[in-house]
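For the numbers below, each heavy atom of this structure counts, side chains included, while hydrogens, waters and symmetry mates do not. Sequence lines set the chain letters: A, B, ... in the order given, protein chains first and strands last, and positions in each chain run from 1. Note that the structure is predicted; figures quoted are calculated from it, not measured.
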There are 2 protein chains.
Amino acid sequence: MNLPFKALADPTRRKIIMLLKERDLTAGEIAEHFNMTKPSISHHLSILKQADLVSDERKGQNIYYSLNTTVFQELINWFFEIIDYNEGVKNNEDK
Amino acid sequence: MNLPFKALADPTRRKIIMLLKERDLTAGEIAEHFNMTKPSISHHLSILKQADLVSDERKGQNIYYSLNTTVFQELINWFFEIIDYNEGVKNNEDK
DNA sequence: TAGATATTTAGAAAATTGTCTAAATATCTA
DNA sequence: TAGATATTTAGACAATTTTCTAAATATCTA
């Protein structure tokens with residue numbers, strides 16, 4: 001649960017997530033949306049990947065990035081626990 | 001939305017939130033749960049407060065901290081948008 | 001195979017963050 | 001009012017993060 005929270009702390013990375021919500025994109029297409037070098041975007045993508053928030057797949061010269069919704073589900077569960085929407089949803093404490 | 005995400009990026013602060021989920025606590029009580037000085041905990045509390053995730057109220061010598069669920073609700077909405085659990089929860093565009 | 005395109009890796013500099021000690025502020029009580 | 005307790009503020013320092021440029025890797029195509 002630590003890596004996803006760290007990954008979401010950066011506004012650039014949250015914007016990347018919003019872009020990927022619409023459709024899968026190549027690293028280059030993602031970079032076009034930012035005023036930042038491609039290596040920097042590549043680094044952000046790497047952090048999102050380590051956190052398992054996105055996954056990548058090479059197709060020829062391009063690498064396509066896409067959202068990985070499972071970890072987002074886990075994060076939602078974490079928040080539900082906080083506001084006590086839980087107690088029955090699952091059964092896991094702490095974490 | 002930036003301050004809450006930043007605030008949640010630190011494990012100490014997430015643990016504080018988990019403690020406050022159970023009941024309101026004084027700064028000193030919170031500090032007892034950590035292997036860290038009181039000024040450090042005070043600093044973490046300040047960041048949580050700036051993000052509006054917690055609120056504080058002085059009662060005599062003590063300052064009690066408590067969870068502020070509204071921002072957590074907003075965060076949950078943000079996550080719902082990501083996994084498309086939305087479309088009707090807020091604005092119902094086409095579809 | 002050479003050159004073009006897409007992307008990542010490496011390494012460094014600057015900015016931000018987390019933690020500490022020392023000192024300040026606020027409140028209570030004798 | 002003086003001393004004790006609870007907490008924060010200030011300032012410094014180390015660790016982490018963000019960003020850059022330069023170079024490396026991977027793939028395609030002529």
Could you tell me how far apart [X] ([atom1]) and [N] ([atom2]) are, to the nearest whole angstrom?
{"X": "B:Lys15", "N": "C:dG18", "atom1": "NZ", "atom2": "P", "value": "16 Å"}
{"X": "B:Lys6", "N": "C:dA15", "atom1": "NZ", "atom2": "C1'", "value": "10 Å"}
{"X": "B:Gln50", "N": "C:dT16", "atom1": "CD", "atom2": "P", "value": "14 Å"}

Hey, could you give me the [atom1]/[atom2] distance between [X] and [Y], rounded to the nearest 0.5 Å?
{"X": "A:Glu74", "Y": "A:Asp52", "atom1": "CD", "atom2": "CG", "value": "8.5 Å"}
{"X": "A:Glu81", "Y": "B:Ile17", "atom1": "CD", "atom2": "CD1", "value": "12.5 Å"}
{"X": "A:Tyr65", "Y": "A:Leu25", "atom1": "OH", "atom2": "CG", "value": "11.5 Å"}

Contacting residues from residues 36-43 of chain B, given that a heavy atom lies under 4.0 angstrom of DNA chain C: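 Residues of residues 36-43 of chain B that come under 4.0 Å of DNA chain C are, in numerical order, B:Met36, B:Thr37, B:Pro39, B:Ser40, B:His43.
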Between B:Met18, B:His44, B:Lys6, which is the residue that forms a side-chain contact (heavy atoms from CB on, under 4.5 Å) with B:Arg13?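 Filter result, single survivor: B:His44.
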Under 4.0 Å, heavy atoms only, any strand: does B:Phe34 hit a base, just the sugar-phosphate, or nothing?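 No contact at all - B:Phe34 keeps every heavy atom at 4.0 Å or more from the nucleic acid.
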Check every strand shown and say whether B:Tyr65 touches a base, only sugar-phosphate, or nothing at a heavy-atom separation below 4.0 Å.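 Since only primed, P, OP1 and OP2 atoms lie under 4.0 Å of B:Tyr65, the category is sugar-phosphate.
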Verify, without hydrogens or angle tests, whether B:Thr26 (side chain) and B:Glu29 (backbone) share a donor-acceptor contact under 3.5 angstrom.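 Present.
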Of all nucleotides in DNA chain D with an atom under 4.0 Å from a non-hydrogen atom of chain A, which is the first and which the last going 5' to 3'?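 Boundary nucleotides touching chain A, in 5' to 3' order, are D:dT17 to D:dC28.
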